[in-house]
Amino acid sequence: MQTVRHSEHTLKTALISKNPALVSQYEKLEAGEQRLLNEAFRPHSDLFGPITLHSPSDWITSHPEAPQDFEEFFSDPHRKTPSPEKHSVYIQCIGLLGNTRSISEEYVKWLKGYCEAFFYGLTVKLLEPVPVSATRCSFRINDHTQNLQIHAGQILRFLKKKKPEDAFCVVGITMIDLYPRDSWNFVFGQASLTDGVGIFSFARYGSGFYSSHYGGKVKTLQRKSSSDYSVFDDYYVPEVTSVLLLRSCKTLTHEIGHIFGLRHCQWLACLMQGSNHLEEADRRPLDLCPICLRKLQSAIGFPLEDRYRALVRWVEAESADTPTVTPKHSREEHLGLPRPVEAFQEWKEWITKCLALLQK
């Protein structure tokens, strides 16, 4: 295992910068916020630690990138920032996220609530779910997994056409695996920063995706024409678990972070680290390091304490829209689905420590 460790001076410069205007901006933050952000360069901080690399296949080793400090982010003329006219994040569900429609609807509401807390201050809205056929995208069977895949780039074009006037971005989410081009095996997600659209799949986060017994395998693809999407009518969707929800929240917020202009983090253990495989994605924390947190705060303008409290409320709250069954409802209706947040408890304790430091 290798540790990526930067000097205190390097991390302090990455967070605060040497630009007098940005230094002044930092000094105007509340004392508690400065105290928390300063943990970035405090040796042996128990809140923010260095990045650890476990294999040559990890992202930083296999995808060398120039690090992005706060000054570079703030000065980027191409990054997009929410405005009063474009202040909404839209979520577009493609296909079902759960094995019944009611579970799928509940799952999307959980993700909506999580994004509202994570990107505190923005409005998050749900677009009406659509089947794969509505996107008119190409699809195939993956040669390695024998699972169905849909074409990410073509879905981005579909989302761009549907983008509402008040949208800062539109993100598509699906439980179907993605591929960006014929020569690629798969991709977790793909985004266009210029167009403010992204598509992300949670398929590989379900239990047993790589198993030979996975229920989504399709040995042969039989269709009458290129417009025959009937293969998706009864497509297998994995069981909704706490771990699957946690992984989905990670992916969704990481990728929306890219639309804000945050590049892959190379400073500290952070949600914005890149990941090449599921093991590496699971090692990433659920939240941002101080350097990336300052970037997001400067783009949206939230108070850190309010944001952390909103995240705690999301973990603690039961779903307000749990579906119910009456005799006239179809058998697809669900009796009730409490939000599975067991996997979030350790993270909640971490947020509590951050709040204590903010209020010290």
* Smallest separation among heavy atoms of Lys112 and Leu126, with atom names -> CD-CG, 3.7 Å

* **Validation row: His254, Arg284 side chains within 4.5 angstrom (heavy atoms)** => yes

* Under the side chain to side chain donor-acceptor pair (under 3.5 Å) rule, what pairs show up with a residue in residues 349-360, not counting sequence neighbours? -> Glu305-Gln359

* For the residue pair Trp267 and His6, categorise the inter-ring angle as parallel (less than 30°), tilted (30 to 60°) or perpendicular (more than 60°). => tilted

* Sidechain-backbone polar pair: Gln154 side chain, Ser138 backbone, donor-acceptor under 3.5 Å -> yes

* Asked: Can you name the residues that form a side chain to side chain donor-acceptor pair (under 3.5 Å) with Ser248, not counting sequence neighbours?
  -> Tyr107

* Asked: Tell me, which pairs form a salt bridge (Lys or Arg N to Asp or Glu O under 4.0 Å) where one or both residues lie in residues 180-194, sequence neighbours left out?
  -> none

* Side-chain heavy-atom pair Leu286, Leu311 within 4.5 angstrom cut-off -> no

* Could you walk me through whether Thr52 and Val4 pass the side chain to side chain contact (heavy atoms under 4.5 Å, CB included) check? -> CA-CA 6 Å; Thr52 57; Val4 179; over 6 Å; no

* Please list all pairs passing the salt bridge (Lys or Arg N to Asp or Glu O under 4.0 Å) test where one or both residues lie in residues 3-13, with sequence neighbours left out. => none

* To do: Determine the minimum heavy-atom distance between Asp166 and Lys125, stating which atoms define it.
  => OD2-NZ, 2.7 Å

* Nearest heavy atoms of Leu111 and Cys249, plus distance in Å -> CD2-SG, 3.9 Å

* Partners meeting side chain to side chain contact (heavy atoms under 4.5 Å, CB included) with Arg204 (sequence neighbours left out) -> Asn142, Thr145, Gln149, Asp177, Asn185, Phe186, Phe188, Phe209, Tyr210

* Asked: Could you walk me through whether Glu105 and Lys109 pass the salt bridge (charged side-chain N to carboxylate O under 4.0 Å, His left out) check?
  -> CA-CA 6 Å; Glu105 290 172 353; Lys109 290 174 186 175; 5.4 Å; no

* Asked: Stepwise, does the side chain to side chain contact (heavy atoms under 4.5 Å, CB included) test hold for Leu37 with Tyr26?
  -> CA-CA 10 Å; Leu37 295 175; Tyr26 188 80; 3.3 Å; yes

* Reported CG-to-CZ distance for the pair Asp69 and Arg263, which is rounded to 0.5 angstrom -> 9.0 Å

* **For Thr253, side chain to side chain donor-acceptor pair (under 3.5 Å) partners two or more places apart** => none

* Scan for ring-ring contact (aromatic ring centres under 6.0 Å, His included) pairs involving residues 74-94, sequence neighbours excluded, and state none if there are none. => Phe70-Phe74

* Structure fact -> Residues passing the ring pair (Phe, Tyr, Trp, His ring centres under 6.0 Å) test with Tyr120, sequence neighbours excluded, are none

* Measure the spacing between CG of Leu293 and CZ of Arg307 and express it to the nearest 0.5 Å. => 5.5 Å

* Least distance between heavy atoms, Ser55 atom then Thr61 atom -> O-OG1, 4.2 Å

* Asked: Considering all heavy atoms of both residues, which atom of Gln34 and which atom of Lys28 are nearest to each other, and what is their separation?
  -> NE2-N, 4.5 Å

* **Close side-chain approach of Leu288 and Cys270, heavy atoms under 4.5 Å** => yes

* Would you list the pairs meeting ring-ring contact (aromatic ring centres under 6.0 Å, His included) in which at least one residue belongs to residues 163-183, sequence neighbours left out? => His151-Tyr179, Phe168-Phe260

* Asked: Do Cys265 and Cys289 have side chains that get closer than 4.5 Å, going by heavy atoms?
  -> yes

* Which residues pass the side chain to side chain contact (heavy atoms under 4.5 Å, CB included) test with Asn19, sequence neighbours left out? -> Ser17, Ala21, Leu22, Glu71

* Asked: Under 4.5 Å between any side-chain heavy atoms of Leu271 and Phe118, yes or no?
  -> yes

* **Residue pairs involving residues 233-246 (criterion side chain to side chain donor-acceptor pair (under 3.5 Å); sequence neighbours excluded)** => Ser242-Glu342

* Do Leu355 and Val312 have side-chain heavy atoms sitting under 4.5 Å apart? -> yes

* Any donor-acceptor pair under 3.5 Å linking the side chain of Gln68 with the backbone of Gly261? -> yes

* **Spacing of Asp287 atom CG and Ile351 atom CD1 [to the nearest 0.5 Å]** => 6.0 Å

* Below 4.5 Å, heavy atoms only, C-beta onward: do Leu178 and Ile150 meet side chain to side chain? -> yes

* Taking all non-hydrogen atoms of both residues, which atom of Glu39 and which atom of Phe48 are closest, and how far apart? -> CB-CD1, 3.6 Å

* Structure fact -> Contacts satisfying salt bridge (Lys or Arg N to Asp or Glu O under 4.0 Å) that involve residues 75-90 (not counting sequence neighbours) are none

* Heavy atoms, side chains only, cut-off 4.5 Å: are Val89 and Ile259 in contact? -> no

